[in-house]
Each structure stands twice: as structure tokens, then as C-alpha cells.
Asker: 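My questions will all concern the structure given below.
Numbering of ligands and ligand atoms starts at 1, following listing order.
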Amino acid sequence: MRTIDWVDGCPLIIDQTLLPDDVHFISLSTVEEVVTAIRRLAVRGAPALGVAGAMGVALAARLGGDVDDAVRRIRSARPTAVNLAWGVDRAAAHLAEGPAAVLAEALAIRDAELIASHEMGRRGADLLQELAGERMRILTHCNTGGLATVEYGTALAAVRSLHERGGLAEVLVSETRPLLQGARLTTWELRESGVAHRLIADSAGPYLMAQGLVDAVVLGADRICANGDVVNKIGTYAHALGAQAAGIPFVVVAPESTVDCETKSGADVDIEDRDANELSGFGGRRTAPSGTVTLNPAFDVTPHTLVTAIVTDTRVIRIDRGDRP
Ligand code: MRU
């Protein structure tokens, strides 16, 4: 089952907002539908956004009209994950050759991400076995599985690969407030794969690490900067501080498409600020007093000084040994 694919001339996605209760596919038949699906996180996760962006441009090229405007709107639908702009730019570079060439590029990106996931799984599991030994207990954050890619995942690919090798004891899944990608999506994927896991509150992570219940923190990235700073889902930085305090490895798994050497450090990244409703209510019900002012960054920056290693589909970057992307 692919999170995103190209079917009957349109991107076809699983609507991730309906998981875990409903597995519902939607076909995105206009540029507006692509932009809205990206904004409301029906399709999400950095590698999947790269594919969605490229397929959005392929759709715009097929439909005709003001394609430049469509490219601009898709590219700016979300600002933080570098993959979105990267996928859009790669596809848009073929616009002069016609719609078929744009689609061919989008499908090439899809296929490359599929291969990349399996490479990250293998390399990530190898590194974790080297760093943290046998029967590991891993803490992960947000969702980095098949739902965040095309299939299989990034950090969750490494976790699955470890599980297939018999090297995993359990995964602690942090719920990932406010949109619960961990609680709704990662638990669903781990359950489908038969991987032992327990759900924890985000704020429990550093405490559980201090209690000796975690051997390594393994998660993904939305952008990896030239100096090794990692931009990822809000809550990542707290887990990194917890890992440092507990003396356990903090490993980031992401494809090369997430490495952005044009951006010097995390300070240069546009962090998406999301709607107040995501914080001031829960499950469609208001929980904070009406009118409460919120501050809702969707991502944070983990400085490279807290990162042990970054695993991509082609290499392992030992940040702790001074390597840089
Ligand atoms: O807001 P989201 O759900 O798109 O955020 C996703 C993340 O932060 C993931 O950790 C990241 O994209 C890596 S996905 C393989």
C-alpha cells in the first residue's frame, strides 16, 4: 500500500487525517486540492511531501492554465520540509519539455524514494546495532514510516529492519502533540508490522531515558542543514536534550533529499507556525478558554552538538566525530 501514487492522471493519497480509524484514499484532481491536502496534513512527512510537490506540478502541467502560479502555490504550501520545494523544483525544471516529461520526473522521484527507504532501513539498522547492541529499546517521535514516505519509511524503516533481524525489544512512541502523528500513525504502522511498542506522552521521553528504559532515540528530519543542525517535528529538541543527559545515541534517519547544504544552520530555517485551534482544542472540542492566545511552532531545531549520527540512503554522517553533511 503506497501513501502516494499517480493513478488515472492524478495524485492518489491516503487521507492521513482520518487514520487510524479509516483508511480512505483520495484523488487530487486540481491544484487547489493538492495545496489543501498538503496544508491540512492529509499528505505529510518530508519525503512524501517531495513526491506530492512533484506530482502536483505534473498535475498542473497536464491541466494547463497558469502553471507558474500553480508551481508557486504548491511550493509554498508548507515552508519547513525542504523536500517540498525540492520536489516542486525538480519537476518544474521539465515544464518546457511538456507534461509527459514533468510526470516522468515526478515518477522518478517516487521510485527513488522507494529505493531510498530500503537503503535507510538497512544502514540505520546496521548503525544502531553498532551503537546500542542487542535487543534494543528505541524511542521515536512523530511518524517516519511508510505514511511519511511512499512506503516503508526513514527512521521507522530502520526500526522495522531491526525488528526483522530480531534486534528490537520495543519502541516507545511519543504521541507528538498537537496533531498526534505518533499516537495516530506510528502506533498504527507498528501494529500492522507486528512490532512491540508502547505509547508515551511527549513530555515523558526525557524522564524515561533517565530511568534507563531507552537505548537510543531514532527519528526523522524535515531539513538537515549544512552544519548538521536537524529541523524536525516540535518535541524533537526535548528528546535530544534527554538523550544527551542520559548518555544515549540520538540518531536521525532521512534521505539525501532532506539534506539542504544551501542552508547553513537551523537559525536560517523558516519554521511553520500553525493554527491556534490545533492547541486550544482537542478532537473538535475547545479545551482552552475562548480567545486564548497560542504559540504553535510545528517544528524545532536540534543543534548538531546533540546529534550522534545522521543516516541517509547513501551514507552515515558521524556528527559526533566531526563529520558534516
Ligand atoms: O508536520 P508533519 O507531520 O509533516 O511532520 C513530519 C515530521 O516532522 C517527520 O518527522 C519528518 O518529516 C520526517 S518523515 C520521514
Asker: Using residues 236-253 as the side-chain source, report each donor-acceptor pair under 3.5 Å to any protein atom, sequence neighbours left out, with the distance given to one decimal.
Answerer:
residue: Thr236; atom: OG1; partner: Asn232; partner atom: ND2; Å: 2.9
residue: Thr236; atom: OG1; partner: Lys233; partner atom: O; Å: 2.6
residue: His239; atom: NE2; partner: Ser174; partner atom: OG; Å: 3.2

Asker: Identify all side-chain donor-acceptor contacts of residues 205-221 below 3.5 Å with residues at least two apart in sequence or on another chain.
Answerer:
residue: Asp215; atom: OD1; partner: Arg137; partner atom: NH2; Å: 2.9
residue: Asp215; atom: OD2; partner: Arg137; partner atom: N; Å: 2.7
residue: Asp215; atom: OD2; partner: Arg137; partner atom: NE; Å: 3.0

Asker: With salt bridge (charged side-chain N to carboxylate O under 4.0 Å, His left out) as the criterion, how do Asp126 and Arg123 come out once you've worked through the C-alpha distance, each side chain's angles and the decisive distance to 0.1 Å?
Answerer: CA-CA 5 Å; Asp126 286 349; Arg123 286 173 196 277; over 6 Å; no
Asker: I'd like to know if Glu256 pairs up with Arg315 as an ion pair, taking the criterion as any Lys NZ or Arg NE/NH1/NH2 lying under 4.0 Å from an Asp or Glu carboxylate oxygen.
Answerer: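 So Glu256 pairs with Arg315 through a salt bridge.
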Asker: Show the protein residues that qualify under the rule heavy atom under 4.0 Å from an atom of ligand 1, listing them in chain and number order.
Answerer: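 Shell around ligand 1 (4.0 Å, heavy atoms): Leu41, Arg44, Gly45, Ala46, Pro47, Arg78, Cys142, Asn143, Thr144, Ala148, Thr154, Gln181, Ala221, Asp222, Asn232, Lys233, Phe299.
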Asker: Can you pull the ring-ring contact (aromatic ring centres under 6.0 Å, His included) pairs that have at least one residue in residues 110-136, sequence neighbours excluded?
Answerer: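 Those involving residues 110-136 are His118-Tyr152.
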Asker: For Arg122 and Glu119, what are the C-alpha separation, side-chain angles and deciding distance, and is it a salt bridge (charged side-chain N to carboxylate O under 4.0 Å, His left out)?
Answerer: CA-CA 5 Å; Arg122 188 176 60 74; Glu119 279 300 311; 2.8 Å; yes
